[in-house]
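Worksheet for the structure shown next.
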Amino acid sequence: VSFAAHSGEFVAVLGANGAGKSTLVKIASGYIKPDSGKVLLNGRNINSYSPAELARTRAVCEQENVLDFDYSVLDTVCLGRFAMSGFWGVDSREIAQEALREVGLGGFENKSYLNLSGGEKRRVQLARVIAQILDSPAGKLLLLDEPTANLDPLHSRTTMQICKNLCARGACCVAVVHSVNLAMDFADKILMIKNNSATLRKSSPKKTSPPSTKCPRKSSAALRAGLSCSADELVDNRTEVLLNIRKKWTDYTHIGAFRI
């Protein structure tokens, strides 16, 4: 099975529970090794990258993110900037604050992460991940495993719009989702995994706009932040990822190829 995703494209991955979507993301990110084959990032085997190099090239939001330390929301998001300018860098904190505004959590900087709701924690983790590439998304890879989990419909669409806007600035996003509607509305391509195989199809996304700001909660106005970019921000800066692997699970085997 092979499929291609290019800079500026948003690929949604669909499939039943246990189909191997999360494993595919982990292999593509370099977290786990395939049983055979290899993953190439910009022509290099992904295993040859140092953790710092990978952190500057691709950002990953896993399905589950466990944090038991009583960090503030801002400090949690700053973890995504450590490889770029250190945990306490001035620009790191500025970019982290911008990422929080993107996900509608401006003003939450000093709150305890442990005291947040499940949906708020999910949005903080999304902010942490996009903070890795927010200042220079062109040619970067964004891998998201169920980024809309625990989110209400408004914030689910906001999350997808944020990813779409990063793609418009030259990033490539591959996201596992369970909503066919969200995939059709926002993704450029849809990868469907079923019965030991994967099929890539072009979607026919509807014209989407940022979520309505006419929400009863005044705080929802923050959702508007950063949801648009001008055409002159498009950058022709390609990143290439080739994934050609064979990974064995209990009941099925997948072979996949990425070109980004």
Side-chain touch Thr23/Ile32, heavy atoms, less than 4.5 angstrom: yes

Set of salt bridge (Lys or Arg N to Asp or Glu O under 4.0 Å) partners for Glu109, sequence neighbours left out: none

4.5 Å side-chain heavy-atom contact, Val180 and Met184: yes

With sequence neighbours excluded, residues passing side-chain contact (heavy atoms from CB on, under 4.5 Å) with Asn181: Ser179

Glu9 (side chain) donor-acceptor with Cys167 (main chain) under 3.5 angstrom: no

Any residue meeting side-chain contact (heavy atoms from CB on, under 4.5 Å) with Ile46, in chain and number order, not counting sequence neighbours: Val39, Leu54

Test: Asp188 and Lys164 ion pair at under 4.0 Å: yes

Contacts of type side chain to side chain donor-acceptor pair (under 3.5 Å), residue Arg128, not counting sequence neighbours: Asn65, Gln125

For Ala131, all residues meeting side-chain contact (heavy atoms from CB on, under 4.5 Å), sequence neighbours excluded: Val77, Arg81, Ile95, Ala99

Heavy-atom side-chain proximity of Leu151 to Thr159 below 4.5 angstrom: yes

Verdict with reasoning, Cys61 to Leu143, per side chain to side chain contact (heavy atoms under 4.5 Å, CB included): CA-CA 6 Å; Cys61 187; Leu143 294 166; over 6 Å; no

Straight-line distance of Ile27 CD1 to Ser22 OG, nearest 0.5 Å: 11.0 Å

Gap between atom SG of Cys172 and atom NZ of Lys140 - 0.5 Å precision: 13.5 Å

Partners meeting side-chain contact (heavy atoms from CB on, under 4.5 Å) with Leu114 (sequence neighbours left out): Asp70, Ser112

Residue that, paired with Val124, satisfies side-chain contact (heavy atoms from CB on, under 4.5 Å) out of Leu74, Leu105, Val129: Leu105

Straight-line distance of His155 NE2 to Arg123 CZ, nearest 0.5 Å: 3.5 Å

Side chain proximity check, Lys121 to Ser117, heavy atoms < 4.5 angstrom: no

Side chain to side chain donor-acceptor pair (under 3.5 Å) partners for Glu98, two or more places apart: none

Validation row: Arg58, Leu142 side chains within 4.5 angstrom (heavy atoms): no

Value rounded to 0.5 Å, distance of CG in Leu144 from CG in Leu126: 6.5 Å

Lys21 and Leu14, any side-chain heavy atoms less than 4.5 Å apart: no

Listed partners of Arg44 passing salt bridge (Lys or Arg N to Asp or Glu O under 4.0 Å), at least two apart: Glu53

Close side-chain approach of Leu166 to Leu134, heavy-atom, < 4.5 Å: yes

Distance, nearest 0.5 Å, that separates CG of Asp135 from CE of Met84: 7.0 Å

Side chains of Lys189 and Phe10 in contact at under 4.5 Å (non-hydrogen atoms): no

Those residues that, when tested against Asn150, pass side chain to side chain donor-acceptor pair (under 3.5 Å) (two or more places apart): none

Separation between OH of Tyr71 and SG of Cys78, rounded to the nearest 0.5 Å: 11.5 Å

